[in-house]
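As structure tokens, the structure follows; a few thoughts come after it.
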Amino acid sequence: MESSNDLEKKTHESAEDMNSEDQVRTSSSDENLYKNREGEEEEEEEEEGFMSVEKISRLPVSIKFNIPKKISTRKRRKSEEEDDDPNGEEKKAKLSFGGKVLSSYEIEILRKVRRRKYLKDREKKKVEELRDDIEDEIMLNHGVKLTERELIDFRFKKELYELLKKTEDNDDDVEGYRIPDAYDREGCIDQKKRFAVVEQRYSERKSGRGVTEQEAWEDHQAQKARVRFGAKDKQQVVDGYEFVFDDLTGLVEESSSEVETGRQRGCNSKTVAEKAREEREFLPIHGYRDELLKLIAKNQVLVIVGETGSGKTTQIPQYLQEAGYTKRGKIGCTQPRRVAAMSVASRVAQEVGVKLGHEVGYSIRFEDCTSDKTVIKYMTDGMLLRELLTEPKLDSYSVIIIDEAHERTLSTDILFALVKDVAKVRPDLRLIISSATLEAKKFSEYFDSARIYLIPGRRYPVEKLYRRWPDADYLETVIRTVFQIHQTEPIGDVLVFLTGQEEIERAETNLKRRMMDLGTKNSEIIICPIYSNLPTELQAKVFEPAPKGSRKVVLATNIAETSLTIEGIRYVIDPGYCKINSYNPRTGMESLLVSPISKASAEQRAGRSGRTGPGKCFRLYDVKNLEPTTIPEIQRANLASVVLTLKSLGIHDVLNFDFMDPPPETALLKAFELLYALGALDGKGEITKVGERMVEFPVDPMLSKMIVGSEKYKCSKEIITIAAMLSVGNSVFYRPKNQQLLADNARMNFYVDTENVGDHIALLRVYNSWKETNYSTQWCYENFIQSKSMKRARDIRDQLLGLLNKIGIELTSNPNDLDAIKKAILAGFFPHSAKLQKNGSYRRVKEPQTVYVHPNSGLFGASPSKWLVYHELVLTTKEYMRHTTEMKPEWLIEIAPHYYKLKDIEDSRPKKSQRSSERASTSKVDTNKKTRTSKVDTSKKAKR
DNA sequence: GAGCACTGC
């Protein structure tokens with residue numbers, strides 16, 4: 001704590017600061033400041049009145065944010081000038097109305113009126129959207145037999161629409177909407193007013209009723225029921241149709257034009273299509289078209305460095321199509337993310353002027369939107385990899401474009417080597433690798449010195465400021481920086497990169513507390529957290545533009561780095577960390593570690609501020625200390641499924657496979673060992689019949705072995721459900737902070753009735769109960785289950801079901817024989833066995849390693865079972881087994897006699913005679929070696 | 001008594 005003396009001194013200093021503007025400005029001699037790389041721009045920075053974080057942090061809170069008085073008034077004026085209100089109407093309204101200058105109270109009223117209008121309009125839009133959806137479905141599903149579920153969905157939509165239509169006449173009720181009393185009363189406006197906007201969006205909706213958590217939940221679930229297209233949170237009026245794109249969509253770097261991607265809606269989109277076609281000519285890539293085509297004709301492999309906003313992803317396939325490449329075969333373009341594949345395809349379909357799924361289509365898991373006519377096909381990289389399994393030479397393609405190659409996903413890395421190989425046997429095939437600047441040279445070298453071609457992008461300059469020394473508590477620095485930006489920088493939203501949910505929540509509380517402390521002297525800050533596990537309806541808030549006069553502060557995980565784009569960001573605060581998952585092949589354990597980001601990531605994050613105008617990036621680190629690129633996934637992943645895939649493609653020498661960055665040998669060997677143990681590979685390392693069946697399932701090899709193994713135990717129906725549930729990970733149970741006890745009770749309900757229900761069986765029960773309620777979201781809500789995850793599990797299960805059929809495994813059900821189900825689980829997971837030790841911890845049977853039951857498991861704290869099978873190991877604060885089920889040791893011998901020998905399990909129930917002989921023999925052995933091994937040895941002797 | 005970033009088939 002600071003002494004009052006110190007405080008006084010600092011206050012004094014700060015008073016001086018206030019008087020001398022030079023002091024307030026950035027002082028270039030202070031080395032703890034954010035620094036600008038380019039010295040000359042520091043001048044400009046001073047103009048902006050940028051003040052050092054240090055300086056602000058030294059000041060007592062009450063004064064801290066009052067200091068830049070001159071600046072703040074100047075800034076405020078400046079920011080008003082910069083308001084992007086085209087007609088200046090808002091400004092006029094703020095200052096005068098009918099010649100009368102408005103008070104802040106009157107402005108507040110005006111704001112409310114506008115809000116009402118907005119809500120009313122929004123409802124109208126949503127209803128129209130629903131109508132469009134129904135029309136689309138009628139058109140798309142014409143003559144198609146719908147499944148029962150689809151039919152129910154469709155009827156629900158139709159009913160909803162008719163209901164809404166009916167009430168539309170009485171819509172004037174909207175006028176009855178009111179702001180919660182607490183915020184409306186005079187006298188307490190000051191404090192409340194600041195949160196009014198925030199509260200409104202949280203708690204009110206069209207009808208003016210408060211939205212209960214339940215309603216929000218249901219709304220969220222209903223939203224998820226349909227896929228929507230579009231790139232950004234923008235809307236557009238076309239022929240009386242209003243399209244609202246507010247889904248959580250992926251970034252379409254290339255759609256830098258004003259027209260946003262949209263689903264084609266019959267003939268009404270003609271103008272959109274025409275406009276879209278015109279826009280093409282304004283993209284930076286347009287001028288390079290002919291040169292690019294010439295190069296592609298001449299070079300089989302081309303590395304393209306297309307900067308953000310160049311238009312490469314949407315344009316190159318069209319150029320190729322125009323040049324006649326599609327006569328020989330399709331043009332395939334891979335994307336690392338589903339939404340990207342979908343939205344780019346939709347955009348291109350619009351530009352070409354065809355219906356999505358006809359000449360232009362996309363293919364992603366669970367959704368194939370292509371037809372025989374499709375010549376331009378966007379897809380996820382994993383999808384192309386799957387296609388390679390059935391079409392090893394990619395005969396139906398004339399060009400393959402691997403987009404965003406620098407992201408180095410597991411699939412792209414494998415694709416590199418495979419397409420490189422295919423290109424050798426197919427001279428007519430063209431390969432285009434699109435990458436970021438940093439890795440272009442590496443790609444070129446890998447593809448035998450392929451030509452590199454640069455297409456400039458279109459984006460705004462980003463000013464990068466940095467701190468020379470990292471902070472011990474960067475969260476505190478982040479918060480100070482947020483307020484510093486808020487105080488001294490012109491209008492524009494702030495994006496903060498944090499590592500995870502917990503950190504985001506902490507930052508949110510701290511920011512709010514600090515805001516309270518500061519009182520009303522600043523305009524409002526709206527805090528929007530975003531991370532992938534956040535329910536969708538809460539995620540949507542991030543895309544709503546901040547009301548005039550306020551500033552949005554987005555607290556995001558890495559999700560905002562590539563997966564989604566938020567409009568209006570002008571400032572990025574980047575502490576320089578993220579969580580990276582790594583797999584230790586030696587222990588078979590996964591761990592999520594907070595690590596420094598790479599230079600490439602740092603650039604990507606900084607670029608997030610320069611999408612709609614010049615931006616600023618505040619780095620809490622020095623970029624020169626970073627590694628150039630992130631370690632590619634292939635070097636830190638469990639490779640079992642990679643090896644199996646390669647083997648099934650007929651690649652014998654996986655160890656010397658032409659990886660761009662070879663994975664560690666131990667990881668490959670571990671994968672081999674496992675696959676051999678599972679029976680997927682034989683002694684020579686060749687793929688077996690079992691392996692061939694396993695590779696059909698798009699799941700981890702242990703899971704696919706479990707499925708294949710279920711045939712024997714007549715419980716394939718139960719097993720695919722368990723496999724699907726395990727595949728969605730640990731996001732099935734939902735545990736809100738304020739209802740943890742209730743949530744835990746709800747979860748434990750799935751463990752009762754029978755003894756020793758493990759986590760696997762519990763997951764099965766969850767799914768079946770959900771199914772019994774006809775996939776009710778209400779039921780999910782009541783039982784603290786995430787319906788998002790359940791729907792995903794249903795999709796995966798449906799897919800597995802289809803594959804079961806394909807490889808000829810009969811669908812059999814054996815719901816009451818838990819032993820059979822457990823045995824089937826063991827058929828895939830027998831290497832994951834653990835035995836209870838005296839101190840309550842567990843020990844892996846085949847590896848000398850102590851592990852624990854995960855606290856989220858239903859077995860945690862229960863009377864311990866002697867033998868467990870677990871799904872995976874994670875290293876957090878301890879070595880935990882996640883998803884565990886009790887089993888019998890003799891099953892290990894029964895199911896995997898090649899893997900377990902009697903001695904592995906024998907000391908499970910030491911008999912009297914054994915114990916005595918043990919004692920006898922151990923006494924003979926060196927006393928230092930009184931280990932388990934000696935025990936095991938002796939017990940074996942005893943058996944003999 | 002923990003705590004999961006983000007993708008993908």
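The side chain of A:Thr557 places an N or O atom within less than 4.0 Å of a non-bridging phosphate oxygen (OP1 or OP2) of B:dC6. In terms of phosphate contacts, A:Arg386 brings no side-chain nitrogen or oxygen within less than 4.0 Å of OP1 or OP2 of B:dG8. Between A:Thr562 and B:dT7 there is no side-chain N or O to OP1 or OP2 distance below 4.0 Å. For B:dG8, the OP1/OP2 oxygens have no side-chain nitrogen or oxygen of A:Ser411 closer than 4.0 Å.
The side chain of A:Ser532 has B:dA5 as its nearest neighbour among B:dG1, B:dG8, B:dA5. Taking the side chain of A:Ile559 as heavy atoms from C-beta on, and the options B:dC9, B:dA5, B:dT7, the nearest nucleotide is B:dT7. Comparing B:dC9, B:dC6, B:dA2 against the side chain of A:Pro855 picks out B:dA2 as the nearest. Distance from the side chain of A:Arg337 is smallest to B:dG8 among B:dA2, B:dC9, B:dG8.
Side-chain rings of A:Tyr577 and A:Tyr474 approach one another, their centers coming within less than 6.0 Å.
The side-chain contact (heavy atoms from CB on, under 4.5 Å) search around A:Asn558 returns A:Glu561, A:Cys578, A:Arg605, not counting sequence neighbours. Contacts of A:Glu503 classified as salt bridge (Lys or Arg N to Asp or Glu O under 4.0 Å), with partners at least two apart in sequence or in another chain: none.
Panel note: side chain A:Asp368, backbone A:Ser363; no donor-acceptor pair is recorded below 3.5 Å.
The separation between A:Asp413 atom CG and B:dG8 atom C1' is 14 Å, rounded to whole Å.
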